[in-house]
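Contents: one structure, followed by commentary.
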Amino acid sequence: MSLGSIFDIAGSGMTAQSLRLNTTASNIANAETASSSTEETYRARKPVFAAIQQSMLNPDQQSLGMGGQQGPGAGVRVEGVVESQADLQMRYEPQHPAANEEGYVFYPNVNVVEEMADMMSSSRSYQMNVDIMNTAKSMMQRILTLGQQ
């Protein structure tokens with residue numbers, strides 16, 4: 001693995017964590033959205049990640065770093081975003097404008113405490129990838145100064 005491929009790997013991690021932050025923010029924003037039926041009720045969303053691995057067909061080729069072939073452990077990609085299948089919250093609130101005929105209101109299956117923990121985790125992961133990129137940049141600058149001495 002070349003030093004340049006670190007930017008591709010960290011960049012893919014930053015992209016994935018950015019999507020995770022966005023879905024978490026969407027979940028928190030819709031945590032108290034009321035609905036009169038289960039079909040209309042917002043459901044918590046979670047991104048699904050997959051590791052990108054080096055092609056096993058040609059292990060001799062190494063990544064050149066800037067958009068070349070994937071190196072060993074070449075990052076992460078987002079497979080998709082799935083909706084949670086957890087039970088919705090059903091509350092008896094007959095005076096609520098969104099109450100159904102029986103007086104029940106449906107609320108999303110969003111756990112705000114869990115979402116805040118996810119937000120902190122993805123924020124720290126994003127920052128760690130930024131730190132990795134800064135360290136790699138610093139190492140590359142030091143390599144360039146070796147030739148001057």
Side-chain angles (χ1 to χ4, degrees), residues 1-140:
M1 178 188 327
S2 70
L3 188 60
S5 66
I6 292 173
F7 294 107
D8 294 334
I9 295 169
S12 72
M14 290 170 63
T15 300
Q17 294 304 327
S18 178
L19 177 75
R20 186 176 169 203
L21 277 168
N22 286 337
T23 56
T24 301
S26 176
N27 289 342
I28 291 172
N30 289 295
E32 290 298 319
T33 306
S35 179
S36 59
S37 70
T38 58
E39 294 81 27
E40 298 173 0
T41 307
Y42 179 86
R43 293 184 182 270
R45 293 171 171 84
K46 299 286 181 187
V48 177
F49 301 141
I52 302 171
Q53 297 297 323
Q54 178 184 14
S55 171
M56 298 306 287
L57 298 175
N58 202 351
D60 294 273
Q61 286 187 340
Q62 294 294 320
S63 173
L64 298 175
M66 302 301 168
Q69 288 196 345
Q70 302 296 339
V76 65
R77 73 172 173 261
V78 178
E79 289 288 312
V81 178
V82 296
E83 287 186 348
S84 172
Q85 297 303 314
D87 293 334
L88 299 173
Q89 299 176 27
M90 189 169 73
R91 300 180 196 161
Y92 182 70
E93 298 176 356
Q95 283 76 25
H96 196 285
N100 62 11
E101 299 82 35
E102 291 90 31
Y104 287 99
V105 179
F106 295 93
Y107 287 93
N109 55 0
V110 175
N111 182 342
V112 178
V113 175
E114 181 181 316
E115 296 298 327
M116 290 301 294
D118 280 351
M119 185 174 282
M120 290 170 51
S121 173
S122 57
S123 176
R124 288 181 180 157
S125 294
Y126 187 92
Q127 183 60 46
M128 187 59 65
N129 282 306
V130 169
D131 291 343
I132 288 169
M133 290 181 94
N134 286 335
T135 301
K137 176 182 151 193
S138 172
M139 290 172 67
M140 290 178 96

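Numbers here simply count residues along the sequence, with the first being 1. These values consider heavy atoms only, across backbone and side chains, with no hydrogens, waters or symmetry-generated copies.
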Next on the checklist: Evaluate V76 against I52 for side chain to side chain contact (heavy atoms under 4.5 Å, CB included), listing each step before the verdict.
Outcome noted: CA-CA 5 Å; V76 65; I52 302 171; 5.8 Å; no
Checklist entry - So, for V105 and A98, which heavy atoms are closest and what is the spacing to 0.1 Å? => result CG2-C, 4.3 Å
Checklist entry - Any salt bridge (Lys or Arg N to Asp or Glu O under 4.0 Å) pairs touching residues 21-31, not counting sequence neighbours? => result none
Checklist entry - Quick one: are M14 and M133 in side-chain contact, heavy atoms under 4.5 Å? => result yes
Item to check | Residue list, salt bridge (charged side-chain N to carboxylate O under 4.0 Å, His left out) with K46, at least two apart or on another chain | outcome: E114, E115, D118
Item to check | Non-hydrogen atoms of I6 and I132 that approach each other most closely | outcome: CG2-CG2, 3.6 Å
Next on the checklist: Please give me the minimum heavy-atom distance between A16 and V78, naming the atom from each residue.
Outcome noted: CA-CG2, 4.1 Å
Next on the checklist: According to side chain to side chain donor-acceptor pair (under 3.5 Å), who are the partners of D131, at least two apart in sequence or on a separate chain?
Outcome noted: Q127
Item to check | Over all atoms of both residues, closest heavy-atom pair of S122 and L21 | outcome: OG-CD2, 3.2 Å
Checklist entry - Pairs in or reaching into residues 102-130: which pass ring-ring contact (aromatic ring centres under 6.0 Å, His included), with residues at least two apart or in two chains? => result Y92-Y104
Item to check | Smallest separation among heavy atoms of A44 and N27, with atom names | outcome: CA-OD1, 3.6 Å
Next on the checklist: Quick test of your reading: applying salt bridge (Lys or Arg N to Asp or Glu O under 4.0 Å), list the pairs with at least one residue in residues 94-113, sequence neighbours left out, ordered by first then second residue.
Outcome noted: none
Next on the checklist: Walk me through whether N109 and Y42 qualify under side-chain hydrogen bond (donor to acceptor under 3.5 Å, both in side chains).
Outcome noted: CA-CA 8 Å; N109 55 0; Y42 179 86; over 6 Å; no
Item to check | Pair T33-T41, side chain to side chain contact (heavy atoms under 4.5 Å, CB included): steps then yes or no | outcome: CA-CA 8 Å; T33 306; T41 307; over 6 Å; no
Checklist entry - Under 3.5 Å, is there a donor-acceptor pair between the side chain of S138 and the main chain of N134? => result no
Checklist entry - Which heavy-atom pair separates V110 from A31 by the least distance, and what is that distance? => result CG1-CB, 4.0 Å
Checklist entry - How about R43 and L88: do any of their side-chain heavy atoms sit closer than 4.5 Å? => result yes
Checklist entry - Should S26 and N30 count as side-chain neighbours, where that means a heavy-atom distance under 4.5 Å? => result yes
Checklist outcome for this item: For residues 78-97, the salt bridge (Lys or Arg N to Asp or Glu O under 4.0 Å) pairs (sequence neighbours left out) are E32-R91, R45-E83, R77-E79
Next on the checklist: Evaluate R20 against S121 for side chain to side chain contact (heavy atoms under 4.5 Å, CB included), listing each step before the verdict.
Outcome noted: CA-CA 10 Å; R20 186 176 169 203; S121 173; 3.4 Å; yes
